[in-house]
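FYI, side chains are in, hydrogens and waters are out, and symmetry mates aren't considered; it's all heavy atoms of this structure.
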There are 2 protein chains.
Amino acid sequence: MTHPKGAQPYHHGDLRNALLLAAEQLLAEQGAASLSLRAVAKRAGVSHAAPYRHFRDRAALLRALAQGGFERLAGAIELAAGNASQNPEQKLVEAGVAYVRQAVERPALTRLMFGGSVMVEDDAAYRQASAAAFEALLKIIGEGVAAGVFRARDPRELALVAWTSMHGMTMLMTAGLLDSNASGNGGIDDQVRSIARNVIYGLSK
Amino acid sequence: MTHPKGAQPYHHGDLRNALLLAAEQLLAEQGAASLSLRAVAKRAGVSHAAPYRHFRDRAALLRALAQGGFERLAGAIELAAGNASQNPEQKLVEAGVAYVRQAVERPALTRLMFGGSVMVEDDAAYRQASAAAFEALLKIIGEGVAAGVFRARDPRELALVAWTSMHGMTMLMTAGLLDSNASGNGGIDDQVRSIARNVIYGLSK
DNA sequence: GCAATTATGTTTACACTGTCTACACTTGTG
DNA sequence: CACAAGTGTAGACAGTGTAAACATAATTGC
């Protein structure tokens, strides 16, 4: 530590995380398209080329951001399923609520995660993070099938149905094509529960 | 027409459409993020500022592209529903197949349409085009409810369920998180049919 | 017919972006 | 304590969106 107090140290100390934090803020403020690496550097109080010591390029930064989002998502699903009752149906519904809620709270991050513009290369950590979210869901379904609550089918098939529904709702909401703020925040949750139950019980008579 | 033959006329004649066409090609080739207005202009054989005579800015071009996508989507749904048998369930399934197929054929356009980065302002034509796609779906469901095939609920509620499922599948596929090319093109259709039927009949026993 | 107006393209210019290279400082290691 | 590796800075470059000034073609009013 040679820097006199009051002056900024030449080395930031934790720039990588500081950049991710700044980037997440800017992402939420103005969306991914207009998120400039230079603005991220400026917000972190660092020169415009400094990020290149921690991320190969802009895409790598965005990928790291998305990866963090998947980790939080998987955590939220597992937490919700754990808190819900033992009833697999209810677990599934609450997992869906957690999924959508998590996404709607961070629409820009969600669109980044699922937008497809990131990740084209097979970033291993990235794929693993997104797979973990699906596995959490798969576990709930598997238990439900074992308990005889859900139809005796390949849990992967049923999990896919649940996932696509919740994911579709998420995407439509973050795209602004669904009233994501219909009658407050509880409104979203109820909307998700309604859809989830309809998926569970089916559309047909 | 003062231009000698062999030379390009000063006025293009149909530049707006030429720009949209060029943009759609570039979109498919390299995605929306790196779609530059200048590249579009170059492909249309025109100077880099010419597009500004037809689109206020880059976003306006993208919005026009997305709007066209919605119109095609609505058309594909209606066509599929019309071709299917009178059975509302089957109509619904085939509408889903059309929806997903249309999207998977143009992944970049689809992500543009539903990516949320476009359209923030209430572009009336845009909203109308996207609403038309939903109305086509609503009609199928309404007929099914009237025929007693689907449960006696608000058709909007049921349509929402169907929409979210199909849309979720679409988004996961175009993001590369689902095997969109699992065993050829028929593979997609079958996957959609499987999910659609599961939604119709429900997950629970 | 033909001038005036409007529509449509071009050129030039500017600020901003991602990224590269050369350099400076700091920190650890022999 | 030298020196190598790691981390941050400064400057440069090509490419971007967009605005302004200008050029040309098409249209309109007489």
Side-chain angles (χ1 to χ4, degrees), chain A residues 1-23 25-27 29-66 112 117-121, chain B residues 1-23 25-27 29-66 112 117-121:
Chain A
M1 290 273 203
T2 323
H3 58 281
K5 76 173 174 182
Q8 297 299 330
Y10 188 91
H11 281 83
H12 182 285
D14 192 21
L15 184 53
R16 196 190 136 94
N17 283 328
L19 289 170
L20 285 174
L21 191 67
Q25 290 173 3
L26 287 169
L27 183 66
E29 289 168 18
Q30 27 160 308
S34 61
L35 193 169
S36 94
L37 217 42
R38 290 171 107 109
V40 171
K42 178 176 283 185
R43 177 161 302 203
V46 105
S47 84
H48 71 266
Y52 285 84
R53 298 293 170 194
H54 301 273
F55 301 97
R56 186 211 303 269
D57 56 14
R58 196 186 104 113
L61 208 206
L62 296 182
R63 239 179 298 140
L65 233 40
L112 178 66
S117 40
V118 165
M119 123 198 140
V120 189
E121 318 106 299
Chain B
M1 290 273 205
T2 323
H3 58 281
K5 76 172 174 182
Q8 297 301 329
Y10 188 92
H11 281 82
H12 182 287
D14 192 20
L15 185 52
R16 196 190 136 94
N17 284 329
L19 289 170
L20 285 174
L21 191 67
Q25 290 174 2
L26 287 169
L27 183 66
E29 289 169 16
Q30 28 161 309
S34 61
L35 192 170
S36 93
L37 217 43
R38 289 170 108 109
V40 171
K42 178 177 283 184
R43 179 162 299 203
V46 103
S47 83
H48 71 265
Y52 286 85
R53 298 294 168 192
H54 300 273
F55 301 97
R56 184 211 305 267
D57 54 15
R58 198 185 102 112
L61 208 207
L62 295 181
R63 240 177 299 140
L65 233 38
L112 179 67
S117 38
V118 164
M119 122 197 141
V120 189
E121 318 105 298

Fill in the blank from the handout: Of the candidates D/dT18, C/dG9, D/dT9, the side chain of B/Asp57 sits closest to D/dT18
Practice task
Would you tell me if any nitrogen or oxygen in the side chain of A/His54 comes within less than 4.0 Å of OP1 or OP2 on D/dG6?
Solution key: no
Problem - Nearest heavy-atom neighbours spanning B/Leu15 and B/Ala50 - result: CD2-CB, 4.1 Å
Problem - Nucleic acid footprint by protein, nucleotides 10-15 of chain D - heavy-atom cut-off 4.0 Å, B for base, S for sugar-phosphate alone - result: BBB---
Exercise for the section: Can you run down the salt bridge (charged side-chain N to carboxylate O under 4.0 Å, His left out) pairs that involve residues 51-61 of chain B, sequence neighbours left out, and say none if there aren't any? Expected result: none
Handout entry: Nearest-angstrom distance from the residue atom OH of B/Tyr52 to P of D/dT16
Key = 12 Å
Exercise for the section: Name the residue closer to the 5' end of DNA chain C, choosing between A/Leu37 and A/Arg53 according to the nucleotide with the nearest heavy atom. Expected result: A/Leu37
Fill in the blank from the handout: Scanning both residues in full, the closest heavy-atom pair of B/Leu19 with B/Pro51 reads CD1-CA, 3.8 Å
Exercise for the section: State, to 0.1 Å, how close A/Ala22 and A/Ala44 come at their nearest heavy-atom pair, and which atoms those are. Expected result: CB-N, 4.4 Å
Fill in the blank from the handout: Atom CZ of A/Phe55 and atom C1' of D/dT7 are separated, to the nearest Å, by 14 Å
Can you give me every donor-acceptor pair (side chain of residues 32-40 of chain B, partner residue at least two apart or in another chain, under 3.5 Å) with its distance?
| residue | atom | partner | partner atom | Å |
| --- | --- | --- | --- | --- |
| B/Ser34 | OG | B/Gln30 | O | 3.0 |
| B/Ser34 | OG | B/Gln30 | OE1 | 3.2 |
| B/Ser36 | OG | B/Arg38 | N | 3.4 |
| B/Ser36 | OG | B/Ala39 | N | 2.9 |

Practice task
In whole angstrom, give the distance that lies between atom NZ of A/Lys42 and atom C1' of C/dC16.
Solution key: 10 Å
Completion exercise
To the nearest 0.5 Å, atom CG of B/Leu21 lies from atom CG of B/Asn17 at 8.5 Å
Practice task
Write down the distance between CG (B/Leu15) and P (C/dT10), rounded to a whole number of angstrom.
Solution key: 8 Å
Practice task
Rounded off to whole Å, could you give me the CZ-to-P distance for the B/Arg16 and C/dG9 pair?
Solution key: 12 Å
